[in-house]
Structure formats: C-alpha cells, structure tokens
K.L.:
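What follows is a structure written as structure tokens; I'll ask about it next.
FYI, side chains are in, hydrogens and waters are out, and symmetry mates aren't considered; it's all heavy atoms of this structure. Just so it is clear: chains get the letters A, B, ... in the order the sequence lines come, proteins before strands, and each one is counted from 1.
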There are 2 protein chains.
Amino acid sequence: MAGPLRKTKIPDSARAITADLVAVLVAVTDGQPKIMTIANAGALPSGPFEFKHRSLQSGLRAWVEAQTGHPLGYVEQLYTFADRGRTGDGSSPHSVSISYLGLTREDQVADGAAAHWSGWYDYFPWEDHREGPPALLAKLLTPRLRAWAKSAASPALQRERWQRVAITFGFEDREWNEELVLQRYELLFEAALIPEAVRESGNAATLVPGRPMTADHRRILATGIARLRAKIKYRPVVFELMPAEFTLLQLQRSVEALAGRLVHKQNFRRLMEQQQLVEETGAIAADTVGRPAKLFRFRHAVLAERAVAGTKLPLSRT
Amino acid sequence: MAGPLRKTKIPDSARAITADLVAVLVAVTDGQPKIMTIANAGALPSGPFEFKHRSLQSGLRAWVEAQTGHPLGYVEQLYTFADRGRTGDGSSPHSVSISYLGLTREDQVADGAAAHWSGWYDYFPWEDHREGPPALLAKLLTPRLRAWAKSAASPALQRERWQRVAITFGFEDREWNEELVLQRYELLFEAALIPEAVRESGNAATLVPGRPMTADHRRILATGIARLRAKIKYRPVVFELMPAEFTLLQLQRSVEALAGRLVHKQNFRRLMEQQQLVEETGAIAADTVGRPAKLFRFRHAVLAERAVAGTKLPLSRT
DNA sequence: CATGATATGCTCATGGAGAGTATAAATGGC
DNA sequence: GCCATTTATACTCTCCATGAGCATATCATG
C-alpha cells in the first residue's frame with residue numbers, strides 16, 4: 001500500500017500470496033455450545049482455498065456438507081486477517097486468512113475425521129454467566145487486570161486502562177455485556193494474560209485460565225462468538241442449531257447457551273409467540289419430568305414474510 | 001476446498017493468488033452523501049495489497065491519510081470477495097478483493113490525485129427516499145420487476161419472486177427498509193436490470209437508471225451503504241463525517257443523507273440530548289435564516305464511558 | 001395423595017418511541 | 001413598525017414493548 005490506491009503495474013508474480021479458509025462451526029448439544037476443532041482441540045478447522053468453486057462461501061459450504069452429510073444451515077463471513085508469514089522474516093509466504101461462521105448440529109457430523117466438538121467455554125471460561133458471574137472473574141481476572149492497569153506509565157493512563165477494563169468486563173456495577181467477547185479477549189491479550197500473547201510461555205501461574213489455540217484461532221473464535229451473540233437478537237438463526245422439533249424450554253436453553261446468560265422464561269415465550277417464529281406440531285414431548293411440553297417447529301415462512309431488521313432512528317412518517 | 005479442511009501439502013506455488021484492497025470512502029457535503037471514485041467515477045479506489053504494514057487495516061489507513069492529509073476517522077472491514085480471474089478461463093490469475101468502509105470529510109482531501117467525489121445516489125437512485133419514494137420506483141422499477149416475476153417457470157415461483165420483490169422494495173404497503181441496499185441491488189442484478197448483469201450491454205432501454213461501475217464495485221458500494229445505514233443506528237459514527245462544530249439540524253441532515261429518509265426533528269434532538277452524544281460549544285451559528293442555532297460538538301467522552309450495544313433478549317436479572 | 005417439576009396464562013408498572021402542539025428568536029418585505 | 005417566513009426549542013400525550021412477578025395447569029414419583 002505504498003503507491004496510490006489504484007491499478008498499478010506491479011507484476012502479479014511479485015505480489016503472490018496464499019489464501020486460507022478458517023471455519024467457526026457451532027453446534028449446541030444438551031445446552032452446551034460447541035465448536036468443531038482439530039489438532040487435539042487446539043485449532044479451528046482450516047485449509048487452503050482453491051478456486052474450484054464459484055465463491056468462497058459455496059466452497060466452505062460444500063466442504064462442510066461433505067463432512068457432515070447434511071446441509072449447512074447458515075454460513076456467514078466473519079473477517080479476513082493478513083499474516084506476514086509464520087516466521088515473520090519473509091522466509092515463508094504471506095497469506096490471508098478468511099474466516100467463516102457456520103451453524104450445524106453435532107449429531108449430523110459423520111465420524112472418522114480428526115475433527116472433534118469442544119465446548120466453547122473451555123476457551124473462554126469467563127464468558128459463561130448462566131450461573132451468575134464465574135468465580136474466576138473476581139478471583140483471578142479482576143486482580144490481574146487491576147495490576148495491569150496500575151502498571152501504566154502515568155496516573156491518567158492508569159485510570160484510562162481501568163475504565164476500559166471496567167466497561168468491557170462489567171466491573172463496578174456496570175452491566176455485563178455479553179457481546180463484547182472480542183474486546184475482552186483483546187484486552188486480556190494486551191495485558192499479556194493469555195498464553196498466545198507471551199511467546200516464552202513462562203510463568204503460567206500469572207496467566208488466566210482458558211485453553212489456548214494455535215496462531216490467532218482463539219481470536220477468530222472470539223469474533224465468531226461475538227457475532228453470533230449479536231445475531232440471535234435480531235435474526236432467527238438459533239433454529240439452525242435445533243432439531244426439527246423441540247420444546248420451548250429446549251429452545252430457550254440453546255439461546256442461553258449462546259448468550260451465556262439466562263433469559264426470563266415467560267417473556268421469552270411471549271416473544272416467540274408474538275413474533276410468530278414457531279408453530280405447534282401437535283405432538284407432545286416424551287421423556288420429560290413435570291408437565292409435558294408441546295413440541296414446536298420453526299416457521300420457515302417468516303424468512304420469506306419478513307425482512308427482519310430493526311430501526312432505531314426517530315423516523316418521520318409524513 | 002476439495003480435500004479436508006486442514007493443513008495439506010499442496011505446494012504454495014500451486015495455489016498462489018493476488019490480493020487487492022477496495023475502499024468505500026464516504027463523506028457528506030451539503031447534505032449529500034458522497035463516495036470517493038476513480039476512473040471517471042466508474043470505479044472505487046483500489047490497489048494491490050502489499051505486506052509493508054502490520055495489518056490490512058493499518059495499510060488502508062496509512063494510504064488514505066497520506067492522500068487526505070487528515071486522520072481517517074473510522075475504518076471497518078466490509079467483505080472479502082473471490083474473483084476467478086478477469087476472463088474466467090484461467091488465463092489471468094485468481095484474486096481476492098478485501099473491501100473496507102472508511103469515513104472522512106470531503107474538504108480534507110488533497111487535490112491532485114485522479115480521485116473525485118461522486119454522490120452515491122447517482123449509483124442507486126432508488127435509494128433516496130428523503131422526498132418520498134422516488135418517481136422511478138413506481139414508474140420503472142415496479143413494472144420491470146413485475147415482468148421479471150411473471151417470467152418465472154411456474155405460478156408458485158412467480159408468487160415467490162414477487163413476494164421477494166415486495167419485501168425488499170417495500171411494495172404493497174409494506175414498509176420501506178432502508179437497510180436492504182444490498183438485497184435490492186442483488187435482486188435487480190438477478191433480474192438482469194443492471195448493466196453489470198448483462199454482458200452484451202444491449203437494449204439499455206429495458207434496464208434501470210443508475211450509473212454502473214467496473215467489475216463488482218457497485219455491489220461493494222451497496223455493501224458499504226447497507227453497513228453504514230445499519231451502523232448509524234447504534235454507534236455514534238456520524239460524527240466522523242461532521243466538522244468539529246455543527247448545529248443539530250446539520251447533524252440531522254447528515255443522518256438523513258445516509259439513511260435516505262427523513263427523521264422527526266424533535267425526537268431526534270431528544271435522542272441526542274438523553275444519550276448525551278453532544279455538548280454545546282457556547283457559540284451560535286452564523287449565516288442562517290430563522291432563529292439562530294446553537295453550535296454543538298461531539299462528546300468524545302462517550303466513546304470511553306459506554307460500550308454501546310443493545311440487547312433484545314428477554315433477560316433475567318435474578 | 002402430597003410433592004416437586006415443568007408448562008402456561010395473566011397482570012402490572014415502567015419507559016422509550018412516535019407524533020403533534022405551542023412558543024421563541026431571528027430575517028426580509030412592505 | 002408590522003407581518004410573513006423560517007428555524008430553534010420546549011412540552012405533552014398516547015401506545016406499546018419490556019421487565020417482572022403471581023397464579024394455575026399438568027404431569028411423574030415416592
């Protein structure tokens with residue numbers, strides 16, 4: 001990006017790079033959010049991009065469907081990262097990583113591959129607030145982040161750091177914002193509390209719990225989780241993670257698994273009803289304790305009926 | 001993407017590609033939204049990506065700042081497209097286009113380059129609803145889209161097509177949704193009413209008004225406009241497009257320019273106040289008709305004070 | 001048959017959003 | 001100076017989504 005931003009005459013051979021696809025494949029099983037991993041749960045599935053398919057998206061979709069044997073419900077591009085070669089000294093080729101978010105169901109995955117499903121809170125233990133704020137937040141994260149804030153050069157910078165911490169982690173009776181997954185990860189990274197941030201991997205005792213991943217895969221995962229947590233609020237994508245028929249409580253548990261926090265049961269049901277997102281199948285759930293629940297299915301018609309998108313502008317209707 | 005999605009042993013030389021950056025640079029001048037263009041307003045500024053900078057984003061930022069002489073307020077990655085070479089027969093190399101959205105002000109741009117500012121409604125005349133629905137919607141788009149819907153194979157497909165049209169364009173007393181810029185462009189593309197969609201460039205009389213662009217640049221622009229229209233509703237990014245001091249009406253006109261529709265003046269002001277996004281400078285605007293307006297400035301502090309992001313889940317606070 | 005667990009229906013208070021009315025403060029034409 | 005016009009600014013009112021809690025229905029189990 002040295003010259004003007006338009007077609008120049010640099011020979012193509014001189015600027016050749018490679019492109020990789022990285023996938024964040026999400027499923028929810030028994031109320032636990034999972035992601036597909038390889039390399040002993042230490043990496044996201046990824047591979048070289050080839051130009052056999054029309055588009056990046058169709059390439060990813062085809063691959064996943066071949067692996068799982070079922071259509072991939074929802075695919076969305078996440079972000080494109082540039083890596084300056086693995087060594088950084090120019091000895092290895094530059095590459096671009098294009099990451100995607102995909103939604104499936106665990107039971108649809110054919111066995112045999114080296115792929116596994118891992119709970120995503122293994123990688124981000126501080127993100128699960130379904131049973132209240134995790135103990136490790138107050139016990140480990142708070143003191144270490146406070147120490148990091150205090151280590152800044154000037155008092156002004158110290159206050160600034162701590163304010164950032166308090167906002168992104170919901171400290172000092174600010175509200176917890178479940179969408180700030182990426183910001184929290186990046187802050188911990190900046191504070192060098194994350195294994196990926198410290199090359200020497202020394203003094204692990206001062207780090208923060210949570211399973212690391214190769215390269216920047218955990219950052220990509222954080223991006224995917226953040227995107228999904230935001231998306232479930234205005235698009236009916238949870239249903240891609242559900243079986244064909246489900247009870248409202250099962251649906252609620254899935255939403256809670258993704259959001260990492262509990263929702264108000266009665267209001268959740270009211271929302272489903274008034275938005276007409278589901279319809280009764282007529283059947284009743286078996287194998288339950290307590291009063292049996294009606295089974296529902298997703299009303300696929302809503303996808304055609306509406307263009308879901310909310311406005312927040314004080315519009316004028318005249 | 002033929003083999004498994006993980007590191008394989010394909011030699012890097014066999015899968016070499018090139019990467020380009022494409023920028024959607026937005027400014028608002030005199031209540032009109034503009035984008036930076038090159039090639040006689042027929043293309044977005046773009047250029048080869050080189051690995052001189054740490055990241056894609058910093059590369060773009062550095063380039064734009066060198067051109068305009070001022071810091072680029074806001075930069076955001078839009079989307080990454082894959083092109084199968086310009087000819088499609090393999091004679092030219094494959095490439096990846098990484099597009100960005102950036103916000104500036106027109107008066108900050110240094111002259112001399114081949115760049116110009118073009119009104120973005122030149123490219124999407126049907127997107128400006130500030131003076132009500134544009135005449136060309138009812139006069140041209142509706143009949144041609146209806147004809148396209150009727151040309152489907154079966155009555156069921158015809159209804160399906162027309163329903164899609166009605167939703168994305170707000171026909172048949174559905175509401176106009178200003179965020180569906182990309183969907184509308186893609187629908188017109190699919191209906192072959194867009195010059196870029198018809199190679200032969202024959203019978204332009206049956207096409208739809210709106211200036212075309214090279215390659216898929218107009219699609220990228222549509223992506224950028226859609227993103228920006230969504231963003232201004234929950235992030236204070238409009239201020240990147242404003243001078244240091246402005247009146248509330250000027251601010252409102254900028255929002256309206258981007259959204260393509262009018263907002264309710266009193267409610268708009270109430271929103272600015274209660275969200276504490278602006279503060280009075282104490283000065284009064286000169287050169288005005290009517291009662292003089294107070295000048296305001298953006299309260300940069302809000303960026304630090306809050307993590308703006310709304311929830312729509314029926315959360316439980318227990 | 002009591003208990004526990006879940007499903008489901010209903011009410012109530014609060015606050016934000018959409019919309020309209022009224023008043024204030026300037027300019028320019030007569 | 002008076003009046004029409006234009007813009008700024010202050011209130012008010014209604015409607016409805018949202019958060020929250022209470023009450024009741026319907027099952028399994030000991």
K.L.:
What's touching nucleotides 9-11 of chain D from the protein side, N or O pairs under 3.5 Å?
P.N.:
from: D/dT9; atom 1: OP2; to: B/R269; atom 2: NH2; distance (Å): 2.3
from: D/dA10; atom 1: N6; to: B/Q266; atom 2: NE2; distance (Å): 3.4

K.L.:
Give the rounded distance in Å between these two atoms: CD1 of B/I284 and C1' of D/dT7.
P.N.:
13 Å
K.L.:
side-chain contact (heavy atoms from CB on, under 4.5 Å), that's the test. Do A/K34 and A/W120 meet it? Break it down for me.
P.N.:
CA-CA 5 Å; A/K34 312 267 186 98; A/W120 81 21; over 6 Å; no
K.L.:
Between C/dT11 atom P and A/H264 atom NE2, what is the distance in whole Å?
P.N.:
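Answer to the nearest Å: 16 Å.
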K.L.:
For DNA chain D, whose closest nucleotide is more 5', that of B/V289 or that of A/R270?
P.N.:
B/V289
K.L.:
Has the side chain of A/R164 got a donor or acceptor atom that lies under 3.5 Å from a matching backbone atom of A/A149?
P.N.:
no
K.L.:
Would A/E106 and A/T29 count as having a side-chain donor-acceptor pair, cut-off 3.5 Å?
P.N.:
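Their side chains do contain a donor-acceptor pair, which is all the 3.5 Å distance test asks for.
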K.L.:
What is the separation between atom CD on A/Q250 and atom C1' on C/dA5, rounded to the nearest whole Å?
P.N.:
16 Å
K.L.:
CD of A/E280 versus P of C/dA7: gap in Å, rounded?
P.N.:
14 Å
K.L.:
Whole-Å distance between C/dG9 C1' and A/M272 CE?
P.N.:
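Nearest whole value for this atom pair: 18 Å.
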K.L.:
Starting at atom CG of B/L251, determine the distance to atom C1' of D/dA8, rounded to an integer number of angstrom.
P.N.:
15 Å
K.L.:
A/F246 vs A/F239 aromatic rings, parallel, tilted or perpendicular, using cut-offs 30° and 60°?
P.N.:
tilted
K.L.:
What integer distance in Å separates A/R261:CZ from D/dG19:P?
P.N.:
10 Å
K.L.:
Take the protein atom CD of B/Q274 and the nucleotide atom P of C/dG18, then report the distance between them rounded to whole Å.
P.N.:
11 Å
K.L.:
Between B/L271 and B/G290, name the one whose nearest nucleotide on DNA chain C is closer to the 5' end.
P.N.:
B/L271
K.L.:
Using the rule given for side-chain contact (heavy atoms from CB on, under 4.5 Å), can you reason through A/M242 versus A/Q250, listing the C-alpha separation, both sets of side-chain angles and the distance that settles it, and then say yes or no?
P.N.:
CA-CA 9 Å; A/M242 305 295 298; A/Q250 286 168 349; 4.2 Å; yes
K.L.:
State whether the side chain of B/Y74 and the backbone N or O of B/V238 hold a donor-acceptor pair below 3.5 Å, judged by distance alone.
P.N.:
no
